[in-house]
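The next block holds one structure in the form of structure tokens; read it before the comments.
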Amino acid sequence: MADIKKWEDYDTIVCPDGQVIDMNKLLDDQNRAIAGLIHIMPFFSGLISKLRPVYTFKVETQATDGYNLFINPQFTYNLDMTEKAFVLAHEVMHCVLNHMRRGKDHDPFKSNIAADYEVNVTLEEMGLVKANVMQKIGALYDKKYAGWGYEKIYAANPPSNGGNNMNNKGQSQQADDNQQGAGQ
């Protein structure tokens with residue numbers, strides 16, 4: 001059986017829009033962002049090391065299923081180091097807060113929005129990231145959800161219409177333009 005190459009096996013890849021990504025730089029930046037995140041918040045080390053990175057254009061940003069960390073190389077390549085660390089922490093927090101199980105029987109789109117609000121407010125309260133960094137990259141953030149759990153946030157928001165009123169930018173980063181905070 002022939003060896004199947006992964007994107008990280010190549011020096012460069014070409015994105016659908018033609019942008020060329022230096023995979024060596026991206027992988028190095030990801031490792032530095034992980035190291036920085038672990039330095040600031042050591043408890044993330046065991047969690048982030050268990051997620052298997054999968055580089056793909058099937059997500060528009062980054063996402064997790066609790067086992068894999070799906071990474072859009074173009075989105076991630078264009079982030080600065082603070083933003084890279086934030087997005088990694090964001091995905092790990094979905095695992096910490098058990099959103100895959102908690103949202104299992106809910107509308108997936110609405111569930112993801114509620115989970116993102118919970119994660120981002122939590123990361124801001126932990127002092128890991130400031131609201132302006134999240135807003136710069138379009139993350140869902142609203143201070144009114146401080147102290148709320150996923151279920152309460154989910155119940156407080158209207159049902160989704162399949163994303164027709166949203167700027168869908170990926171599994172873990174979506175926003176309603178009418179919500180406080182830019183679309184993620």
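A quick note: this is a predicted structure, and the numbers were derived from the prediction, not measured. We number each residue from 1, following the sequence as shown.
For the 3.5 Å distance criterion, the side chains of His99 and Asn112 fail to qualify, holding no donor opposite an acceptor. For the 3.5 Å distance criterion, the side chains of Asn31 and Asp28 fail to qualify, holding no donor opposite an acceptor. Side chains of Thr76 and Gln62: a donor-acceptor N/O pair is present below 3.5 angstrom, by distance only.
In this structure, Asp9 CG and Lys6 NZ are separated by 6.0 Å, a value rounded to the nearest 0.5 Å. One finds the CD1 atom of Ile71 at 10.0 Å from the CG atom of Asn68 (value rounded to the nearest 0.5 Å). Remark: Phe86 CZ to Glu91 CD distance equals 9.0 Å, nearest 0.5 Å. The CD atom of Gln74 sits 11.0 Å away from atom CG of Leu79, with the distance rounded to the nearest 0.5 Å. Put simply, NE2 on His90 and CG on Leu123 are 8.0 Å apart, with the number rounded to the nearest 0.5 Å. Rounded to the nearest 0.5 Å, atoms CD1 (Ile153) and NZ (Lys144) are 9.5 Å apart.
For the pair Asp29 and Arg32, the salt-bridge criterion is met [side-chain N within less than 4.0 Å of a carboxylate O]. Using a 4.0 Å cut-off between charged nitrogen and carboxylate oxygen, Arg102 and Glu118 count as a salt-bridge pair. Looking at Asp80 and Lys84, no side-chain N of the basic residue comes within less than 4.0 Å of a carboxylate O on the acidic one, giving no salt bridge.
When all heavy atoms are compared, the tightest approach of Asn24 to Asp11 is ND2-OD1, 3.2 Å. Heavy atoms only, all atoms of each residue included: Gly103 and Ser111 are closest at CA-OG, 3.5 Å. Residues Ile21 and Cys15 approach most closely at CG1-SG, 3.3 Å, considering heavy atoms.
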For residues 124-134, tabulate all N or O donor-acceptor pairs below 3.5 Å that involve a side-chain atom, not counting sequence neighbours.
residue, atom, partner, partner atom, Å
Glu124, OE1, Tyr141, OH, 3.2
Glu124, OE1, Lys143, NZ, 3.0

What pairs of donor and acceptor atoms, side-chain ones from residues 42-51 against any protein atom, are under 3.5 angstrom apart with sequence neighbours left out?
residue, atom, partner, partner atom, Å
Ser45, OG, Pro42, O, 3.0
Ser49, OG, Ser45, O, 3.1
Ser49, OG, Gly46, O, 3.0

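Between Thr12 and Met23, every side-chain heavy-atom pair lies at or beyond the 4.5 Å cut-off. Taking the side chain as every heavy atom from C-beta outward, Arg101 and Asn98 approach each other to under 4.5 Å.
Using the six-membered ring where Trp is involved, Tyr150 and Tyr154 have ring planes that are tilted, between 30° and 60° apart.
Residue His94 is tested with Thr64, Asp65, Asp116 for a side-chain hydrogen bond (donor to acceptor under 3.5 Å, both in side chains); the sole match is Asp116. When the options Phe57, Phe70, Tyr55, Tyr77 are evaluated for a ring-ring contact (aromatic ring centres under 6.0 Å, His included) with Trp7, the one that passes is Phe57.
Panel note: side chain Asp22, backbone Lys25; a donor-acceptor pair is recorded below 3.5 Å.
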Dump the intermediate steps for side chain to side chain donor-acceptor pair (under 3.5 Å) on Asn78 and Gln19, then the final yes or no. CA-CA 11 Å; Asn78 293 321; Gln19 180 182 357; 3.2 Å; yes
Applying side-chain contact (heavy atoms from CB on, under 4.5 Å) to Asp142 and Asn120, what does each step give before you reach the verdict? CA-CA 8 Å; Asp142 192 330; Asn120 294 338; over 6 Å; no
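By the rule that hydrophobic residues join a cluster once side-chain heavy atoms approach within less than 4.5 Å of another member, Val96 and Leu69 end up as members of one cluster. At a threshold of 4.5 Å between side-chain heavy atoms, the hydrophobic network of Ile, Leu, Val, Met, Phe, Trp and Tyr places Val92 and Met100 in two separate groups. Both Ile40 and Val119 are part of a single hydrophobic cluster, where members link through side-chain heavy atoms under 4.5 Å apart.
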